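Below is one structure, written out as structure tokens; comments come after it.
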Amino acid sequence: MILETQIANALQNALKNLYNIDIEADPALVQPTRKGFTGDLTVVVFPWVKVARKSPDALGAEIGQQLLENLDCIQDFNVVKGYLNLQIKEDFWLQLLEQESDNEGYGRLETSDEAPVLIEYSSPNTNKPLHLGHIRNNLLGHSVSQILKACGHPVVQVNLVNDRGIHICKSMLAWLKYGNGETPESSGMKGDHLVGKYYVVFDQHYKQEQKELIEQGLTEDEAKDKAPLILEAREMLRKWEAGDPEVRELWATMNGWVYAGFDQTYNRLGIHFDKTYYESQTYLLGKSLVQEGLDKGAFYKHEDGSVRVDFTDEGLDEKVLLRKDGTSVYMTQDLGTAQLRYEEFHPQKMIYVVGNEQNYHFDVLKLVLSKKLEKPFGEAVYHLSYGMVELPSGKMKSREGTVVDADDLMDAMYEEAKKSTEALGKFQFTPEEADKLYEMIGLGALKYFILKVDPSKNMLFNPAESIDFNGNTAPFIQYTHARIRSMLRKGAENGIDLSANLPQLSLNEEEKTLINLLYQYPKTVLAAGDNFSPALIANYCYDLAKQFNHFYQDTPIFKEEDAAKRLLRLKLSRWVSLVLRSGMALLGIEVPEKM
RNA sequence: GGUCCUGUAGUUCAAUGGAUAGAACGAAAGUUUCCUAAACUUUAAAUUUGGGUUCGAUUCCCAGCGGGACUACCA
């Protein structure tokens with residue numbers, strides 16, 4: 001941002017001096033020069049053409065002349081149709097290279113001591129294993145956390161596990177009836193998958209019962225409501241809420257299986273939480289807030305006994321906050337956890353990574369907290385709303401069995417990575433090295449595939465086509481990194497000292513383009529933080545790797561006879577490898593030394 | 001019905017209101033006695049339609065058409 005800020009300030013002065021125009025010295029007025037034009041940075045002068053009463057070309061020339069005279073960093077300028085293109089002195093680029101090419105923290109700010117940003121993500125139910133939708137959630141949450149840290153914010157990552165409710169009772173009941181005491185140990189099944197299996201078993205039997213009842217003359221709705229299994233499940237939930245020891249014990253056991261399974265999946269994905277909340281431990285808190293709102297007259301008791309809030313004047317509907325039987329709904333619980341988190345962490349911001357199907361819910365949550373309960377943290381609530389992962393057949397539906405299981409998908413990616421690596425047969429890896437590499441490549445490809453898409457947009461996943469390893473993918477970037485690392489090892493073997501200083505020398509086009517691109521990295525990290533968008537980092541890494549490969553293709557390094565040029569190119573390569581590693585780490589993706 | 005989101009090459013994705021709309025996959029054609037060819041080069045191929053605002057619109061506004069979500073005492 002150094003250049004942009006300097007130029008923006010000089011631009012402000014120039015416009016004032018030349019035409020008595022006042023503008024904000026906004027660094028965003030200075031943008032990278034578009035490919036195909038001469039220059040490094042560009043100012044668009046159209047906005048001031050009218051006020052200055054000059055032609056775009058004349059205006060650009062006059063401003064350019066002022067900047068040239070007043071700024072040391074500018075070498076030259078040219079004007080094309082109102083675009084003022086500035087060329088930066090090579091000295092600036094060379095100095096940047098000398099200063100930053102071995103800085104592993106390049107592009108990252110020191111953590112400040114401001115109030116933390118709290119980010120909730122994952123938020124699974126304990127009645128079924130994680131699927132592709134959860135993967136997008138988890139990857140986004142983790143990556144945004146890393147990006148915010150890199151922007152200097154203290155971050156607290158939290159999970160909220162929905163561990164109670166009718167859905168869990170369904171799995172429990174089916175296991176009691178049809179499980180024959182099956183456990184993860186006895187079946188060799190991962191705990192979350194085992195519990196998920198009985199959730200499906202429940203649904204199958206439940207459907208069968210409904211069918212029979214309909215044949216006896218009941219309507220579909222009646223059958224759904226009167227089937228013996230659902231009555232039993234409800235009874236079980238009632239017992240759970242009453243604290244029945246047997247039900248509670250089974251609940252604890254089966255949830256324990258699920259947590260063990262989740263932990264494996266989380267570990268493999270490389271994510272962790274600073275704190276995990278459980279709905280069973282927090283759902284009561286919300287009720288006191290609902291009471292508080294009732295006392296204040298912010299909510300009202302409907303004639304059927306439920307507590308509701310009216311937002312018809314905000315263009316929304318009325319929303320139930322407490323069921324007529326006094327039990328809590330999702331909203332009740334979210335009110336409580338928000339309060340709890342505020343008291344525990346006093347965060348400047350509370351980010352909820354939740355799919356866009358819940359936009360309405362979070363509009364209401366925020367309104368209730370800020371407008372109705374007048375909580376100081378209401379405005380801190382931020383819904384990081386992301387798009388659905390769709391299959392060619394449409395949305396994933398767990399009940400219809402059209403889900404892509406998270407563990408299966410990771411296994412498949414590993415196998416793909418293994419297959420491609422073995423097909424190339426380039427290196428002899430030990431079994432341990434190979435295993436690590438396949439995991440790195442397979443999961444990298446998966447993570448990148450998901451994170452490169454703008455979070456707010458829906459995306460498509462086609463299970464029939466495996467995720468690519470070529471083109472705009474993680475393996476492409478990983479490969480570029482590995483290549484550079486290999487060069488650096490060779491350089492070290494040949495006794496090239498990368499800490500030596502560069503003499504005065506000039507840069508070729510390829511080199512300058514690369515340095516210019518590396519200069520963009522810190523800005524990109526900040527932009528990714530402002531927009532909560534790992535996609536910006538992913539696309540940056542791809543551009544950098546692509547540009548490096550282009551450079552590498554026709555620029556000799558070890559064969560270069562001029563030792564100074566050789567040194568420059570190696571330093572530049574090292575810098576690229578560090579930034580690639582740093583950027584990929586922000587996405588939660590590791591890069592190999594060899595592949 | 002109401003509210004909101006969305007529409008870019010055959011396909012999957014890019015483009016703070018700025019220049020000639022970028023990539024990748026797929027298709028066609030090339031590059032290896034040379035630092036890792038999971039690479040590189042070249043070709044063909046796109047802004048849903050109609051208005052408006054603007055010096056300038058893929059981007060902002062309005063309308064139509066297409067797709068999706070929400071509109072639960074589920075989460």
Side-chain angles (χ1 to χ4, degrees), chain A residues 26 28-29 31 33-37 42 44 46-50 56 80-83 85 123-125 162 165-167 279 302 304-308 315-317 319-334 354-361 363 385 387-388 390 394-395 417 420-421 423-424 426-427 441 445 449 452-454 456-462 465 468-473 475-480 482-488 490-491 527 530-531 535-536 538-539 542-543 545-546 549-550 552-560 566 569-570 573 594-595:
Chain A
D26 182 0
L29 290 169
Q31 352 179 335
T33 299
R34 193 190 166 90
K35 216 173 167 182
F37 294 88
T42 293
V44 183
F46 283 115
W48 311 298
V49 163
K50 236 181 198 169
V80 184
K81 290 193 303 182
Y83 293 84
N85 302 317
S123 314
N125 291 352
N162 180 18
I166 190 76
H167 43 293
E279 198 205 334
H302 193 261
D304 65 8
S306 61
V307 177
R308 305 189 178 190
L316 304 171
D317 297 318
K319 191 86 185 168
V320 170
L321 300 178
L322 215 53
R323 293 194 185 96
K324 64 183 170 197
D325 62 3
T327 56
S328 67
V329 291
Y330 185 35
M331 186 64 73
T332 327
Q333 158 212 316
D334 266 0
V354 179
N356 62 14
E357 53 193 355
Q358 290 187 39
N359 286 354
Y360 180 72
H361 172 82
D363 287 346
S385 165
M388 299 289 99
E390 286 166 352
K395 201 181 160 183
S420 326
T421 307
L424 289 166
K426 285 200 276 195
F427 299 102
I441 296 173
F449 176 82
K452 79 172 177 191
V453 180
D454 185 314
S456 67
K457 295 194 174 158
N458 288 0
M459 63 178 294
L460 189 103
F461 175 79
N462 188 348
E465 303 166 7
D468 236 298
F469 285 4
N470 297 311
N472 188 354
T473 66
F476 173 89
I477 297 165
Q478 289 168 322
Y479 172 71
T480 307
R483 248 182 174 182
I484 297 175
R485 294 298 298 167
S486 162
M487 272 166 45
L488 295 177
K490 182 169 175 178
D530 287 343
N531 297 296
L536 297 179
N539 287 315
Y542 175 66
D543 287 342
K546 183 147 181 69
N549 282 337
H550 181 69
Y552 176 92
Q553 189 66 26
D554 40 33
T555 310
I557 294 173
F558 290 112
K559 280 189 281 299
E560 170 61 50
R566 199 163 57 218
R569 287 169 192 169
L570 269 179
S573 301
K594 238 176 24 172
M595 75 180 267

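Just so we're clear, the structure is a prediction, and the values are computed from it rather than from any experiment.
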Provide, to the nearest angstrom, the distance between the [atom1] atom belonging to [X] and the [atom2] atom belonging to [N].
X: A/N162; N: B/rA75; atom1: CG; atom2: C1'; value: 6 Å
X: A/R485; N: B/rA39; atom1: CZ; atom2: P; value: 21 Å
X: A/D317; N: B/rG1; atom1: CG; atom2: P; value: 16 Å
X: A/K319; N: B/rA72; atom1: NZ; atom2: P; value: 7 Å
X: A/W48; N: B/rG56; atom1: CH2; atom2: P; value: 17 Å
X: A/D468; N: B/rU11; atom1: CG; atom2: C1'; value: 12 Å
X: A/Q553; N: B/rU32; atom1: CD; atom2: C1'; value: 10 Å
X: A/D363; N: B/rC70; atom1: CG; atom2: C1'; value: 10 Å

TODO: Verify the distance criterion only: is there a donor paired with an acceptor across the side chains of A/T480 and A/N549 at less than 3.5 Å?
DONE: yes
Just checking [X]: base, sugar-phosphate only, or nothing, at a heavy-atom cut-off of under 4.0 Å?
X: A/N549; value: sugar-phosphate
X: A/H550; value: sugar-phosphate
X: A/L322; value: nothing
X: A/F476; value: sugar-phosphate
X: A/Y360; value: sugar-phosphate
X: A/T332; value: nothing
X: A/K324; value: base

In whole Å, what separates the [atom1] atom of [N] from that of [M]?
N: B/rG18; M: B/rA57; atom1: C1'; result: 10 Å
N: B/rU33; M: B/rU16; atom1: P; result: 42 Å
N: B/rA38; M: B/rA19; atom1: C1'; result: 35 Å
N: B/rU43; M: B/rU48; atom1: P; result: 25 Å
N: B/rC61; M: B/rA9; atom1: C1'; result: 28 Å
N: B/rC40; M: B/rG56; atom1: P; result: 40 Å
N: B/rU54; M: B/rA21; atom1: P; result: 24 Å
N: B/rU36; M: B/rU32; atom1: C1'; result: 12 Å

Open item on the list: Only Watson-Crick and G-U wobble pairs with both distances less than 3.5 Å should count. Give RNA chain B in dot-bracket notation, marking inter-strand partners with |.
Closed with: (((((((..((((....[...)))).(((((.......)))))....(((((..]....))))))))))))....
Just to confirm, is there a sub-4.0 Å distance from OP1 or OP2 of [N] to any side-chain nitrogen or oxygen of [X]?
X: A/K426; N: B/rA38; value: yes
X: A/N470; N: B/rA39; value: yes
X: A/S420; N: B/rA38; value: no
X: A/R483; N: B/rA38; value: no

Open item on the list: Give me the atom names and distance for the closest heavy-atom approach of A/I557 to A/S573.
Closed with: CD1-OG, 4.0 Å
TODO: Identify the heavy atoms of A/F469 and A/A445 that sit nearest to each other, and give their distance.
DONE: CE1-CB, 3.5 Å
TODO: Give the C-alpha distance, both sets of side-chain angles, the deciding distance and a yes or no for side chain to side chain contact (heavy atoms under 4.5 Å, CB included) between A/I441 and A/Q478.
DONE: CA-CA 8 Å; A/I441 296 173; A/Q478 289 168 322; 4.0 Å; yes
Open item on the list: Whether A/K452 engages the ring of A/Y542 as a cation-pi pair (distance to the six-membered ring centre under 6.0 angstrom, angle to the ring normal within 45°) should be assessed.
Closed with: no
Open item on the list: A side-chain contact here means heavy atoms from C-beta on lying under 4.5 Å apart; do A/V354 and A/S123 qualify?
Closed with: no
Task: Heavy-atom side-chain proximity of A/T332 to A/V307 below 4.5 angstrom - done: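 A/T332 vs A/V307: side chains apart.
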How long is the straight-line distance from [atom2] of [Y] back to [atom1] of [X], given to the nearest 0.5 Å?
X: A/M595; Y: A/R485; atom1: CE; atom2: CZ; result: 15.0 Å
X: A/I484; Y: A/Y479; atom1: CD1; atom2: OH; result: 11.0 Å
X: A/N359; Y: A/S385; atom1: CG; atom2: OG; result: 4.0 Å
X: A/F449; Y: A/D468; atom1: CZ; atom2: CG; result: 9.0 Å

Between N or O atoms, less than 3.5 Å apart, protein on one side and nucleotides 12-22 of chain B on the other: list the pairs.
{"unit_1": "B/rC13", "atom_1": "OP1", "unit_2": "A/L460", "atom_2": "N", "d": "2.7"}
{"unit_1": "B/rA14", "atom_1": "OP1", "unit_2": "A/D454", "atom_2": "N", "d": "2.6"}
{"unit_1": "B/rU16", "atom_1": "O4", "unit_2": "A/A28", "atom_2": "O", "d": "3.2"}
{"unit_1": "B/rU16", "atom_1": "O4", "unit_2": "A/Q31", "atom_2": "NE2", "d": "2.7"}
{"unit_1": "B/rG18", "atom_1": "O2'", "unit_2": "A/Y83", "atom_2": "OH", "d": "2.6"}
{"unit_1": "B/rA19", "atom_1": "OP2", "unit_2": "A/R34", "atom_2": "NH1", "d": "3.1"}
{"unit_1": "B/rA19", "atom_1": "O4'", "unit_2": "A/Y83", "atom_2": "OH", "d": "3.1"}
{"unit_1": "B/rA19", "atom_1": "N6", "unit_2": "A/T42", "atom_2": "OG1", "d": "3.1"}
{"unit_1": "B/rA19", "atom_1": "N6", "unit_2": "A/N85", "atom_2": "OD1", "d": "3.2"}
{"unit_1": "B/rA19", "atom_1": "N1", "unit_2": "A/N85", "atom_2": "OD1", "d": "3.2"}
{"unit_1": "B/rU20", "atom_1": "OP1", "unit_2": "A/K81", "atom_2": "NZ", "d": "3.2"}
{"unit_1": "B/rU20", "atom_1": "O2'", "unit_2": "A/R34", "atom_2": "NH2", "d": "3.2"}
{"unit_1": "B/rG22", "atom_1": "OP1", "unit_2": "A/R34", "atom_2": "NH2", "d": "3.2"}

TODO: Test for a donor-acceptor pair under 3.5 Å between the base of B/rA38 and the side chain of A/T421, counting only N and O atoms.
DONE: yes
TODO: Identify, between A/Q358 and A/L316, the residue whose nearest nucleotide on RNA chain B lies closer to the 5' end.
DONE: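 Nearer the 5' end of the strand: A/L316.
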Task: A/Y542 vs A/E465, nearer the 5' end of RNA chain B by closest nucleotide - done: A/E465
Open item on the list: Here's a test for you: under side chain to side chain contact (heavy atoms under 4.5 Å, CB included), which of A/L321, A/L322, A/V320 qualifies with A/R308?
Closed with: A/V320
